[in-house]
Amino acid sequence: NNQFIEIWADFDPDATLQIKTAQFPMLLEQLGTPLGIKRHDSRIDILKRTKSYCIPEHGGVIHFIETLIPLARDVMVTESNLDYTELRCHEEQWRQAFPDINNLPLIRFRQRRCTVDQYFSSTYISAAYRRATACRRYRVRLE
């Protein structure tokens, strides 16, 4: 099935194998289940799902293979007889087929690499803070 490749190409028309991290929820929505999410999933559902993927975040972009592997892993675990060790072996072979991954910036926090779920958590918190600040300023102007 080439559905993932075709939908990824919509977000990556120049075939760089990278898309903006901010586009990830839209990618998941367009994929639909089982690889993606339902259109009406909440931010909490999306965060829970992305946390289980552990997709590395590279300064605002994510890589094709680092995104495909965790999405496929979820489906493969439920639909195949491969054990976890076999899956990890396959995943490492896939990563080696894309050496450009090693050239991407690696964002770390407290000695751990940052992931997509952390990116979205921070953007959601920032948005909530900006909203609360704007509401306070608006109330002060009204008084």
Side-chain angles (χ1 to χ4, degrees), residues 1-139 141:
N1 188 332
N2 292 328
Q3 178 190 15
F4 181 84
I5 295 169
E6 292 169 5
I7 293 173
W8 182 278
D10 292 340
F11 294 96
D12 182 18
D14 296 330
T16 63
L17 298 177
Q18 300 173 30
I19 64 170
K20 293 179 181 176
T21 307
Q23 295 175 315
F24 185 63
M26 294 173 278
L27 175 79
L28 289 178
E29 282 182 14
Q30 287 190 21
L31 284 170
T33 57
L35 282 180
I37 59 174
K38 299 174 189 159
R39 290 199 185 276
H40 59 275
D41 280 356
S42 69
R43 285 183 175 177
I44 297 294
D45 294 331
I46 293 170
L47 282 174
K48 286 178 185 176
R49 195 85 186 260
T50 56
K51 184 175 183 190
S52 71
Y53 296 146
C54 287
I55 298 170
E57 207 284 318
H58 300 283
V61 298
I62 55 177
H63 192 274
F64 174 84
I65 199 68
E66 291 179 323
T67 304
L68 176 60
I69 288 172
L71 296 178
R73 183 187 320 124
D74 268 7
V75 175
M76 288 174 63
V77 166
T78 57
E79 295 182 4
S80 75
N81 293 329
L82 291 175
D83 67 11
Y84 189 75
T85 306
E86 290 174 307
L87 279 174
R88 285 293 184 193
C89 182
H90 287 293
E91 290 174 11
E92 190 54 39
Q93 290 171 352
W94 295 334
R95 279 190 184 91
Q96 290 174 1
F98 294 87
D100 64 315
I101 292 173
N102 298 324
N103 298 329
L104 294 172
L106 195 58
I107 310 302
R108 293 190 176 277
F109 179 73
R110 294 187 178 167
Q111 305 305 319
R112 300 178 91 179
R113 68 180 179 186
C114 292
T115 55
V116 170
D117 61 295
Q118 294 164 333
Y119 171 90
F120 284 111
S121 295
S122 67
T123 59
Y124 294 159
I125 291 168
S126 296
Y129 175 78
R130 286 190 306 272
R131 180 174 180 248
T133 302
C135 288
R136 277 195 301 274
R137 286 182 184 156
Y138 181 74
R139 279 193 296 260
R141 286 184 199 159

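All values derive from a computational prediction rather than experimental measurement. Computed over heavy atoms, backbone and side chain alike; hydrogens, waters and symmetry mates excluded.
- The distance from the CG atom of L28 to the OG1 atom of T33 is 11.5 Å, given to the nearest 0.5 Å.
- P70 and Y53 get closest at one heavy-atom pair: CB-O, 3.5 Å.
- Contact check for F64 versus I5: side-chain heavy atoms found under the 4.5 Å cut-off.
- Panel note: side chain E57, backbone G60; a donor-acceptor pair is recorded below 3.5 Å.
- Rounding to the nearest 0.5 Å gives a distance of 12.0 Å between CD of Q118 and CD1 of I55.
- Using a 4.5 Å cut-off on side-chain heavy atoms (C-beta onward), T67 and F24 make contact.
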(request) Please assess L27 against F4 for the test side chain to side chain contact (heavy atoms under 4.5 Å, CB included), listing each intermediate value before the final yes or no. (result) CA-CA 9 Å; L27 175 79; F4 181 84; 4.2 Å; yes

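- Scanning both residues, V116 and P56, for their nearest heavy atoms gives CG2-O, 4.4 Å.
- The CD atom of Q3 sits 9.5 Å away from atom CD of Q30, with the distance rounded to the nearest 0.5 Å.
- In this structure, CG in L35 is found 7.5 Å from CG in L68, a value given to the nearest 0.5 Å.
- From I7, atom CD1 reaches atom CG of N2 across 11.0 Å, with rounding to the nearest 0.5 Å.
- Between the side chain of Q96 and the backbone N or O of Q93, no donor-acceptor pair lies under 3.5 Å.
- Counted by atom type alone, H58 and E66 present one or more donor-acceptor pairs between their side chains at under 3.5 Å.
- Judged purely by atom type and a 3.5 angstrom limit, D12 has no side-chain atom pairing as donor or acceptor with the backbone of I19.
- Taking CD1 of I37 as the start and CE of M26 as the end, the distance is 11.0 Å to the nearest 0.5 Å.
- When only modelled atom types and interatomic distance are considered, D117 and T115 share a side-chain donor-acceptor pair under 3.5 Å.
- The backbone N or O of V61 sits less than 3.5 Å from a side-chain atom of T21, completing a donor-acceptor pair.
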